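Here's the structure, in C-alpha cells; my notes come after.
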2 protein chains.
Amino acid sequence: MQTEEEILKIKKVKNTAVRTVVLRHLLSLEKAQSLKDIENALPYTDRSSIFRTLKTFEENKVIHSIEDGSGMTKYAVCAEGCNCDPKDLHYHFYCTNCDKTFCLFDVPIPNIQLPKNFKLQQANMVVKGLCDNCNR
Amino acid sequence: MQTEEEILKIKKVKNTAVRTVVLRHLLSLEKAQSLKDIENALPYTDRSSIFRTLKTFEENKVIHSIEDGSGMTKYAVCAEGCNCDPKDLHYHFYCTNCDKTFCLFDVPIPNIQLPKNFKLQQANMVVKGLCDNCNR
DNA sequence: GCATTTACCGCAACTCGATTGCAAAGATTA
DNA sequence: TAATCTTTGCAATCGAGTTGCGGTAAATGC
Ligand SMILES: [Mn+2]
Ligand SMILES: [Mn+2]
Ligand SMILES: [Zn+2]
Ligand SMILES: [Zn+2]
C-alpha cells in the first residue's frame with residue numbers, strides 16, 4: 001500500500017495539508033466517500049477546499065468518482081497503475097441496506113459489445129443489492 | 001407498440017391528463033428524458049405534477065430511471081414485460097458529444113459474478129462514449 | 001534575503017435539480 | 001347530493017454542488 005505522499009508524487013499533484021488529510025482519509029476506508037462524508041469526518045477542513053481537492057484528485061487520476069444513485073457523488077482512490085481508461089473499468093457495489101458503496105476490483109468486466117460504430121470511453125457501472133454483511 | 005392507455009392499464013396506474021401526455025412524450029422519443037426535458041417540452045404542465053407523475057410511473061414500473069452522471073436523472077419507458085428485476089437489466093449509453101442517453105436493450109448483460117454471499121437486486125449501468133452518429 | 005508571482009485555502013454566497021406543503025380542482029364512492 | 005379520496009398547480013424549500021473573492025502560504029526571480 002502506497003502512502004499519500006507516494007501517490008501524490010506519482011500522480012504529480014503537489015502535496016498540501018488539505019490534500020494529504022483528504023487522501024489519507026480516503027485510503028483509511030474501504031468504502032467510497034461523498035463530499036459530505038469527508039466534510040463530517042474532517043470538521044476543521046473547509047467544504048470548498050475538500051471539493052476542490054477532490055476535483056484536483058480526479059483530474060489527476062488519484063481518485064475516481066462513482067454515481068451510485070444515492071444523490072451524492074462518491075469518491076474512491078484509484079488502484080495502483082490505474083489510468084481511468086476503459087481497461088481500468090470495474091463494477092461498483094451499492095448495498096441498499098447499509099448504504100456502503102465500494103469498488104469491486106476483483107470482479108472481471110466482460111467485453112461490452114456496443115452497437116456498430118459506437119466508441120467506448122468510460123463507464124459508470126453500479127450494481128445494487130445486499131453486501132455479504134447485510135445478506136443474512 | 002402499446003399505447004399510453006394500454007400501458008397504464010397493464011401497470012394498473014390510473015389514467016389522467018398529465019400522465020397520458022407525459023407517457024406519450026416519453027414514448028415518442030428514443031432518448032431518455034430528464035424532468036427538465038419534459039418540462040420544456042410540455043410548457044403547460046406543471047413541473048411538480050410531472051415530477052410526481054414520474055415517481056408514480058417508476059413505482060409502478062411504467063418507466064425506469066437512469067443516473068448517467070449528467071447531474072439530471074433521466075427516465076425511459078420500460079420494455080414490454082419488464083418488471084425491473086435483475087433479468088430486465090440492460091446497459092445505458094451516454095454520448096459524451098451529443099448528450100443523448102438511451103437504453104441498449106439489444107446488448108446482452110453477462111452474468112455478474114458477485115463475491116460470495118452478495119445479492120444482486122438492481123443495477124445502474126451506464127456506458128459512456130460516442131454514439132454512431134457522433135463517431136465519425 | 002526580499003519582492004513578485006502563483007497556488008491554495010476558508011468563508012460566504014449562490015446555483016439549480018429535486019422535493020414538499022398546501023389549497024383548489026377533479027374524480028370516486030356512499 | 002354529500003362525503004371522501006386523488007390529482008394538480010403554485011410557491012416555497014432543501015441540499016449537493018459550485019463559485020467569487022480576499023487572505024495566506026508557497027514558489028520563483030533577482
Ligand atoms: Mn471504483
Ligand atoms: Mn433503460
Ligand atoms: Zn450492506
Ligand atoms: Zn452522440
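Only heavy atoms go into these numbers, but all of them, side chains included; no hydrogens, no water, no symmetry mates. Computed from a predicted model, the values in this text were never measured in an experiment. Labels below follow one simple rule: chain letters A, B, ... track the order of the sequence lines, proteins then strands, and each chain is numbered from 1.
- In this entry the distance linking CD1 of A:I38 with P of D:dA16 reads 14 Å, nearest Å.
- Nearest to the side-chain atoms of A:L35 among the listed nucleotides D:dG17, D:dT7, C:dG10 stands D:dG17.
- Within the structure, a side-chain polar atom (N or O) of B:T16 is placed less than 4.0 Å from OP1 or OP2 of D:dT8.
- Using a 4.0 Å cut-off between a side-chain N of Lys or Arg and a carboxylate O of Asp or Glu, A:E30 and A:K100 qualify as a salt bridge.
- Ring-plane geometry between B:H64 and B:H90 is classed as perpendicular, the angle between the planes exceeding 60 degrees on a 0 to 90 degree scale with a lower cut at 30.
- The aromatic rings of B:F118 and A:F93 sit perpendicular, their planes meeting at an angle over 60°, well past the 30° parallel limit.
- Against DNA chain D, the stretch residues 48-57 of chain A makes heavy-atom approaches under 4.0 Å through A:S48, A:F51, A:R52, A:K55.
- Comparing A:T45 and B:M72 along DNA chain C, the residue whose closest nucleotide (by nearest heavy atom) sits nearer the 5' end is A:T45.
- The residue B:T73 sits close only to the backbone: its heavy atoms come under 4.0 Å of sugar-phosphate atoms, none of a base.
- Across the protein-nucleic acid pair, A:E39 atom CD and D:dT18 atom P stand 14 Å apart, rounded to whole Å.
- Two residues, A:K74 and B:D46, neighbour DNA chain D, and the one matched to the more 5' nucleotide by heavy-atom proximity is B:D46.
- Checked by atom type, the side-chain pair B:Y94/A:N124 shows no donor-acceptor distance below 3.5 Å.
- Taking atom CD of residue A:E58 and atom C1' of nucleotide D:dT18, one finds them 14 Å apart after rounding to whole Å.
- Sequence order on DNA chain C of the closest nucleotides to A:R19 and B:K36 puts A:R19 first from the 5' end.
- In terms of modelled atom types and a separation under 3.5 Å, the side chain of A:R24 and the main chain of A:E4 share no donor-acceptor contact.
- Using a 3.5 Å distance cut-off with no hydrogens or angles, the side chains of A:E5 and A:T20 do not pair a donor with an acceptor.
- Atoms CG (A:N60) and P (C:dA7) sit 14 Å apart, rounded to a whole Å.
- Residue B:Q33 contributes atom CD, which lies 16 Å from atom C1' of C:dG17 at whole-angstrom precision.
- Regarding A:D37, its CG atom lies at a distance of 16 Å from the P atom of D:dG15, rounded to whole Å.
- Looking only at distances, no side-chain donor or acceptor of B:D37 sits under 3.5 Å from a matching main-chain atom of B:Q33.
- Between the CD atom of B:E59 and the C1' atom of D:dT6 there is a distance of 14 Å, given to the nearest Å.
- In this structure, A:R47 reaches the bases: a heavy-atom distance under 4.0 Å links it to at least one base atom across the strands shown.
- One interatomic measurement links the two molecules: CG of A:N15 to C1' of C:dC9, which rounds to 15 Å at whole-angstrom precision.
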